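Below, chain A is the first sequence line, B the second, and so on; all start at residue 1. All values below were derived from every heavy atom in this structure, side-chain atoms included, with hydrogens, water molecules and symmetry-related copies excluded. Keep in mind the model is a prediction, meaning the values are calculated, not measured.
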Amino acid sequence: MPKPSSKLPKQPTNAVKSEPKTYTFFEDVWAVTRQIPKGRVTTYGAIANYLGTKLSARMVGWAMNAAHTAKPKIPAQRVVNRNGMLTGKMHFKTPTLMQELLEKDGVAVENDTVVEFKKLFWDPALALAI
DNA sequence: ATCGTGACCTAAA
DNA sequence: GTTTAGGCCACGA
């Protein structure tokens with residue numbers, strides 16, 4: 001679990017000249033996503049908040065888009081929007097894959113929305129307790 | 001270098 | 001209650 005750059009001052013993407021390809025933002029997002037317990041779900045906003053960029057939750061989604069390039073498999077199915085709706089299901093290999101994975105984790109999905117989403121919500125900022 | 005886009009969120013009408 | 005608009009940052013072309 002790499003240290004997330006929470007509340008870091010404005011640091012350019014390629015701040016570390018030693019390592020040309022350091023996608024801190026992506027890695028952080030992926031790290032958080034991987035730490036989502038099985039059967040739980042979180043939101044882009046929560047991750048963004050944990051990373052300190054709550055104002056730009058969109059980037060979290062962007063990171064998820066790049067998650068496809070991540071080496072370890074990223075449980076992106078556990079990341080949904082604020083409404084608990086599987087907005088990114090269409091970005092999966094198959095539109096139904098996300099729902100199936102969630103159901104496999106024990107999360108009931110109905111109408112492209114996580115049932116009892118509020119109950120299954122997993123806040124990284126709370127769990128990781130900065 | 002600029003421009004457009006995006007798996008979002010919040011607030012206002 | 002719904003719908004609309006604005007904002008935010010990173011990435012690809």
Side-chain angles (χ1 to χ4, degrees):
Chain A
M1 54 195 173
K3 263 194 176 177
S5 55
S6 58
K7 293 200 172 174
L8 265 177
K10 290 206 170 174
Q11 200 166 2
T13 319
N14 51 357
V16 185
K17 54 194 170 186
S18 302
E19 300 189 26
K21 346 176 198 184
T22 74
Y23 297 109
T24 24
F25 195 85
F26 283 31
E27 285 188 3
D28 288 348
V29 175
W30 296 339
V32 176
T33 308
R34 281 198 222 98
Q35 285 160 34
I36 300 175
K38 182 181 177 183
R40 306 296 285 282
V41 291
T42 188
T43 68
Y44 304 93
I47 297 175
N49 188 7
Y50 171 71
L51 295 178
T53 59
K54 62 174 185 180
L55 293 178
S56 342
R58 295 177 132 198
M59 303 305 94
V60 180
W62 238 195
M64 287 291 121
N65 189 2
H68 205 281
T69 67
K71 297 159 197 155
K73 198 174 164 190
I74 305 280
Q77 69 273 9
R78 294 173 189 166
V79 183
V80 295
N81 69 343
R82 196 65 177 105
N83 283 325
M85 186 172 158
L86 311 182
T87 50
K89 67 170 186 180
M90 51 171 85
H91 277 272
F92 278 75
K93 196 164 185 182
T94 62
T96 55
L97 180 61
M98 189 174 186
Q99 181 172 339
E100 292 208 7
L101 288 172
L102 280 172
E103 289 179 349
K104 212 169 184 180
D105 284 352
V107 179
V109 178
E110 205 168 299
N111 228 349
D112 296 345
T113 310
V114 177
V115 184
E116 301 281 320
F117 158 73
K118 194 176 176 184
K119 195 161 102 179
L120 297 174
F121 177 71
W122 178 82
D123 192 347
L126 214 67
L128 301 179
I130 302 173

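A/Leu101 and A/Val80 fall within the same hydrophobic cluster, where Ile, Leu, Val, Met, Phe, Trp and Tyr residues are linked whenever their side-chain heavy atoms come under 4.5 Å apart, directly or through other members.
Checked options A/Arg40, A/Lys38, A/Arg78; the residue passing with A/Asp105 is A/Arg78 (criterion: side chain to side chain donor-acceptor pair (under 3.5 Å)).
When the C1' atom of C/dC9 is taken as reference, atom CG of A/Leu51 falls 12 Å away, rounded to whole Å.
Side chains of A/Asn83 and A/Thr113 form no contact here, defined as non-hydrogen atoms less than 4.5 Å apart.
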Its contact letters, B for base, S for sugar-phosphate only and - for none at protein heavy atoms under 4.0 Å, make nucleotides 6-13 of chain B read BBBS----

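For A/Ala108, the side-chain contact (heavy atoms from CB on, under 4.5 Å) partners are A/Val115, not counting sequence neighbours.
A donor-acceptor pair under 3.5 Å is formed between the side chain of A/Trp30 and the backbone N or O of A/Ala63.
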